[in-house]
Amino acid sequence: MASEKQSTERYNPRTVEAHWQRVWDERDLYRCDNDDPRPKYYVLEMFPYPSGRIHIGHTRNYTMGDVVARYMRAKGFNVLHPMGWDAFGMPAENAAMQNKVHPKDWTYQNIATMKAQLKLMGFSIDWSREFATCDPEYYAHQQKLFLDFLAAGLVSRKTAKVNWDPIDQTVLANEQVIDGKGWRSGAEVEQRELTQWFFRITEYSQDLLDAIDTLDRWPERVRLMQRNWIGRSEGLRIRFEFETPPSSGDPVLEIFTTRPDTLFGASFMALSPDHPVSAQCAKENPELAAFIEQCRRMGTTAEAIETAEKRGFDTGLTVRHPVVEGKLLPVYVANFVLMEYGTGAIFGCPGHDQRDLDFANKYGLPVVPVVMPKGADPAAFSITTEAFLEDGEIINSEFLDGLSVPDAKEAIAVKLENIEVAGAPQAAREVNFRLRDWGISRQRYWGCPIPVIHCETCGAVPVPDADLPVRLPDDITFDRPGNPIDHHPTWKNADCPKCGKPGRRETDTMDTFVDSSWYFARFTAPQAATPTDRAAANDWLPVDQYIGGIEHAILHLLYSRFFTRAMHRTGHLDLDEPFAGLFTQGMVVHETYRRADGEWLAPADVRLEGHDADRKAYEIASGKELKIGSLEKMSKSKKNTVGPEEITGSYGADTARWFMLSDSPPERDVEWSDAGVEGAHRFVQRIWRTVMAAAPIVAGAAGNGEMSEAATVLMREAHRTLKAVSEDVEGLRFNVAIARLHALLPQIAGVDADTAKADPSLARALSAALDMFIQMIAPVMPHLAEECWRRLGREGLVAETPWPDVEAAYLKQDTITLPVQVNGKKRAELTVASDASGDTIEQAALELDAVRKFLDGRPPKKVIVVPGRIVNVVG
RNA sequence: GCGGGCGUGGUGGAAUUGGUAGACACGCAGGAUUUAGGUUCCUGUGGGGCAACCCGUGGGGGUUCAAGUCCCUCCGCCCGCACCA
């Protein structure tokens, strides 16, 4: 340091950051009191799963949340900014199986590690509200919610075909099956018939869909994904009479269609292999039974579905066409009909549905076009291999002929509603949703036990409130596949709460998405004796700003929206939508490094040389050259992670926080690079030098006389930046706010010490501008801000200082410089009084040499003056 | 297949929503300071041209006094859903 030319010491983040973190802790600065009278603001980042260690990629969304929290605190709000742990789940059990550690110990150790790592980052979190979802104090309340939902009819137990993950040996929700594979294990998912617990989310299908329109501070993308997932479609349920009923005796076959306008083009009926009539027929037909068996084995992956041939089996049954006298339609079992949607049966209209057309062509069924492009020649219009799906003109359909598709839909609906078949109208209007009920049963240990006791006499009996929580047993083994709780020798044994006879505890635990569906409500009163303190929850909720990854666009966010409604119905909350504002942040990505033998290497073990295309990477230990791979999300598996300690130890948390929000817009990915971190750190040091150099001048600043020109200019810059930065932070445009602060610092640093000594007003302006600058960087770089504040001799903590007010006087300008265009091209600039009239500006513009030159002596055709913006002379 | 988004210098990106394109940063080049490297400071940096100027926001076309921004069309990339009747 002695060789440093600069007289000031370098800023040492390691000691400074630790110091201020201690000060904040000692003062309990970020504790949030529910009784605080100030207006409330709830900012929340999606809480983490305690997987082991945190890497810097995890911390970007907490940094964003922290900037918002610190800013809103400075703006005078009582800010709730809590943190907890989404602590149940399979990885804990995997660790138990692999490393012989208890899931509980593994989880709580990880929490301790990760909490310490988060603390290094200096987040302004109210740690007094911390909880983990695996705390019995938390899941006890979750069990209470389950029982209340059960009592309210929002829980059902039913047999259903479920997605079975053969590796995790558990059931998965539809949302957890990605491309036919388990979302966590990656195993090919199988279909199994099991009795399961379900939350009746479908009860709210319409409401969940409608309310999306009210979520105006959610990204459009997420709203769209949820709309598609809920998947509403309007149509007609039509009852087709069997010519000869099947042996089950059903007189009619019910189908759902969104295209009743194509009814005259029907040429067959198709049943799902899982349809009861299919099963009935299979009893008497071994070949059909074999066909159904085959269908069940068919893969459910996207590829399997795409390449799967449309296949069917003729049951021999026929139904009567509802409106064509004497027309009979054959009934097939077909592999492409889903039991889960509609009624599990369809009518096939080959002309206007591609699947039906493929099927009809394969089995030689008639193809009758009933819609043609408007004005086409019906005699010349035919369909061979491409179904016609667009709107047009109805043909070959008796009383529908000539109508448009929407008109035909209405006409056929009215007609069928007024026909009776087997004692009921032939058709009824119906709305169907893709959304399925949420299966929450998991055959795993490390989850919230479902508080039910099965009794031979009384059935499934809720555990009485007084007996909650139903605790997970601690003595558990993981020596064989399947559900470990089920293998416990005694845990299952429990007497029926109703009749007292010996019963059996439910051994299923809840899907971990249940845990995260209401934690935001628990944070508002984490010590409450009931799941929520209703008053506190109503006060705080909805969350004003929720921040998390796009990967939760459907699962977590939809479940939370359902839970909030269910908690409303059961009296735990008085609102329906949990998150008023949602922001989906981009990830931190990093290049990957790979040895010739395929082994990934962590950035810390890699040395880089060269620039751009010539960059080379070497393994530090061996000196061997490595392959530099593409930018990828930081992940354990590719080892492209950087730990917070690596950064806080040398550069400091502020540098990391600043860098993560610089350059890239927050919704996009940011590339973590050493060069970028160093750049951010250089700025930290530049701030420090500027503050240190200004400190003596600031210390001497006094008086309140007339402002010099230089002082006014500096104040204008500061206030203009303040206004812009405030708006940027409120709009979460952190990268832009940072760019503005980059631009302001040279204005401050550029104040000449001697001039300022001679000009007291400039010294005062410098002092004020520095204060504002420090306050503006504080949300992103809180430690540096505190240290600068102290070095300038300011009172108290920046973290407790109100956000400065923009002084309108400094935003006003006496003169403005307007660009002057001739025929739309900029040719000159014009400086005029800011309140100059349009005529004055026009005259001044026309006198400019450049304007005259380009007008070439001709009079202008038109002059457009946009006040405060631009002048355009049209020649 | 259906739905949505994006395309701006060598790079990340900005552009007050139709009004000076390239703010700010990274990188690079030159210079100063330094025994040297790093640090720090200054200058330059979209392309072409000696210059006046010309060209320029994926390509083409259009609306407008004025287009990165609006409209049409084509190309490329990314994401989501996917046998939903």
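By convention in this document, chain letters (A, B, ...) are assigned in the order of the sequence lines, proteins followed by strands, and residues within each chain are numbered from 1. Here the structure is a predicted model, which is why all the values come from computation and not from measurement.
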Exercise. For Asp437(A) and Thr202(A), test the side chains for any donor-to-acceptor distance below 3.5 angstrom and give the result as yes or no.
Key: yes

Quiz item: Which residue lies toward the 5' end of RNA chain B, Asp669(A) or Leu224(A), if each is placed at its nearest nucleotide?
Solution: Leu224(A)

Quiz item: Among A82(B), C83(B), G19(B), which is the nearest nucleotide to the side chain of Trp229(A)?
Solution: A82(B)

Practice problem: Of all the heavy-atom pairs spanning Ser205(A) and Ile230(A), show the shortest one and how long it is. | Solution: O-CG2, 3.7 Å

Practice problem: Taking only the side-chain heavy atoms of Met225(A) (C-beta and beyond), determine which of U20(B), G19(B), G80(B) contains the nearest atom. | Solution: G80(B)

Exercise. Considering only atom P, compute the distance from C81(B) to G9(B) and round it to an integer number of Å.
Key: 31 Å

Exercise. Quick one: closest heavy-atom pair of Ile56(A) and Met660(A), and the distance?
Key: O-SD, 3.7 Å

Quiz item: Taking atom P in both C70(B) and A15(B), what distance in whole Å separates the two?
Solution: 14 Å

Quiz item: Within the structure, does a side-chain N or O atom of Arg733(A) lie under 4.0 Å from either OP1 or OP2 of A14(B)?
Solution: no

Quiz item: Which nucleotide in the set A25(B), G13(B), C65(B) lies at the smallest distance from any side-chain heavy atom of Asp663(A)?
Solution: A25(B)

Practice problem: Could you check whether Val337(A) gets within reach of a base, just the sugar-phosphate, or nothing at all, counting any heavy atom under 4.0 Å? | Solution: base

Self-check item: Minimum heavy-atom distance between Phe659(A) and Glu671(A), given as atom pair plus value
Solution: CZ-O, 3.3 Å

Exercise. Check every atom of C65(B), U39(B), U40(B) against the side chain of Arg689(A) and return the nucleotide holding the closest atom.
Key: U40(B)

Quiz item: In the strands shown, is G12(B) matched to any nucleotide by a Watson-Crick or G-U wobble pair with both distances under 3.5 Å, and which?
Solution: C24(B)

Quiz item: Pick from Gln354(A), Lys362(A), Arg355(A): which one makes a side chain to side chain donor-acceptor pair (under 3.5 Å) with Asp358(A)?
Solution: Gln354(A)

Quiz item: What is the nucleic acid contact for Arg221(A), judged by heavy atoms within less than 4.0 Å: base, sugar-phosphate only, or nothing?
Solution: sugar-phosphate

Quiz item: Should the pair Lys723(A)-Glu727(A) be classified as a salt bridge under the 4.0 Å nitrogen-to-oxygen rule?
Solution: yes

Quiz item: Does Ser662(A) place a side-chain N or O at less than 4.0 Å from the phosphate oxygens OP1/OP2 of C26(B)?
Solution: no

Practice problem: May I ask you to verify whether the side chain of Lys861(A) and the base of C65(B) hold a donor-acceptor pair under 3.5 Å? | Solution: no

Self-check item: Tyr332(A)-Tyr363(A) aromatic ring centre distance below 6.0 Å
Solution: yes

Quiz item: G4(B) phosphate, OP1 or OP2: any side-chain N/O from Arg227(A) under 4.0 angstrom?
Solution: no

Quiz item: What's the closest nucleotide to the Ile870(A) side chain, out of G19(B), G27(B), C24(B)?
Solution: G19(B)

Quiz item: Whom does G46(B) pair with, Watson-Crick or G-U wobble, provided both distances fall under 3.5 Å?
Solution: C55(B)

Quiz item: Is a donor on one side and an acceptor on the other found under 3.5 Å between the side chain of Asp669(A) and the backbone of Met587(A)?
Solution: yes

Quiz item: When you match Gly679(A) and Arg668(A) each to their closest nucleotide on RNA chain B, which lands nearer the 5' end?
Solution: Arg668(A)

Self-check item: Annotated protein contacts, base or backbone, on nucleotides 66-73 of chain B with a non-hydrogen cut-off under 4.0 Å, one of B, S, - each
Solution: S-------

Quiz item: Looking for any heavy atom pair under 4.0 Å, which part of the strands does Glu829(A) touch: base, sugar-phosphate only, or nothing?
Solution: base

Practice problem: Pick base, sugar-phosphate or nothing for Ser673(A), based on heavy-atom distances below 4.0 Å to the nucleic acid. | Solution: nothing

Quiz item: Does U63(B) have a Watson-Crick or wobble mate here (both distances under 3.5 Å), and if so which one?
Solution: none

Exercise. Could you give the distance separating C55(B) and G44(B) at their P atoms, to the nearest angstrom?
Key: 26 Å

Practice problem: Using the P atom as the reference point in each nucleotide, state the distance between C42(B) and G59(B) in Å, no decimals. | Solution: 37 Å

Quiz item: Say you pick atom C1' in C79(B) and the same atom in A29(B); how far apart are they, in whole Å?
Solution: 40 Å

Quiz item: Which listed nucleotide (A82(B), A85(B), C41(B)) is nearest to the side chain of Arg434(A)?
Solution: A82(B)

Practice problem: Could you please name the partner base of G1(B), counting Watson-Crick and G-U wobble pairs only when both distances are under 3.5 Å? | Solution: C81(B)

Practice problem: Indicate, with a heavy-atom threshold strictly under 4.0 Å, whether Val866(A) touches base, sugar-phosphate, or nothing. | Solution: base

Quiz item: Just checking Ser664(A): base, sugar-phosphate only, or nothing, at a heavy-atom cut-off of under 4.0 Å?
Solution: sugar-phosphate

Practice problem: In whole angstrom, give me the gap between the P atoms of U39(B) and C50(B). | Solution: 36 Å

Quiz item: Among the nucleotides C41(B), G3(B), G12(B), which one has an atom lying closest to any side-chain atom of Arg686(A)?
Solution: C41(B)

Exercise. Could you give the distance separating U20(B) and G68(B) at their C1' atoms, to the nearest angstrom?
Key: 14 Å

Quiz item: Distance between the P atoms of C72(B) and U63(B), in whole angstroms?
Solution: 15 Å

Quiz item: Are Asp213(A) and Arg227(A) close enough for a salt bridge, meaning some N to O gap below 4.0 Å?
Solution: yes

Practice problem: From the options C24(B), U39(B), A14(B), select the nucleotide whose nearest atom is closest to the side chain of Val736(A). | Solution: A14(B)

Quiz item: Can any side-chain N or O of Arg740(A) pair as donor or acceptor with the backbone N or O of Asn735(A) at less than 3.5 Å?
Solution: no

Quiz item: If the sugar-phosphate is the primed atoms plus P, OP1 and OP2 and the base is the rest, what is the B/S/- string for nucleotides 52-58 of chain B, using protein heavy atoms under 4.0 Å?
Solution: SSSS---

Practice problem: Could you work out which one of C83(B), G19(B), C65(B) sits closest to the side chain of Arg869(A)? | Solution: G19(B)

Practice problem: Identify the two heavy atoms, one from Arg259(A) and one from Phe347(A), that lie closest to each other, and give their separation to 0.1 Å. | Solution: O-CZ, 3.8 Å

Quiz prompt | Identity of whatever pairs with A32(B) - Watson-Crick or G-U, under 3.5 angstrom | solution = U40(B)

Quiz item: What are the two closest heavy atoms between Ala737(A) and Val729(A), and how far apart are they?
Solution: CB-CG2, 4.4 Å

Practice problem: Both distances under 3.5 Å, Watson-Crick or G-U wobble: report the partner of G7(B), or none. | Solution: C75(B)

Quiz item: So what does Asn735(A) touch, heavy atoms closer than 4.0 Å: a base, only the sugar-phosphate, or nothing?
Solution: sugar-phosphate

Practice problem: Please state whether the phosphate of C26(B), meaning OP1 or OP2, lies under 4.0 angstrom from any side-chain nitrogen or oxygen of Arg682(A). | Solution: yes

Self-check item: CA sep, side-chain torsions, deciding dist, call: Ile777(A), Trp658(A), side-chain contact (heavy atoms from CB on, under 4.5 Å)
Solution: CA-CA 9 Å; Ile777(A) 61 163; Trp658(A) 187 263; 4.2 Å; yes

Quiz prompt | Nearest-neighbour nucleotide for the Thr258(A) side chain, A85(B), G13(B), G19(B) considered | solution = A85(B)

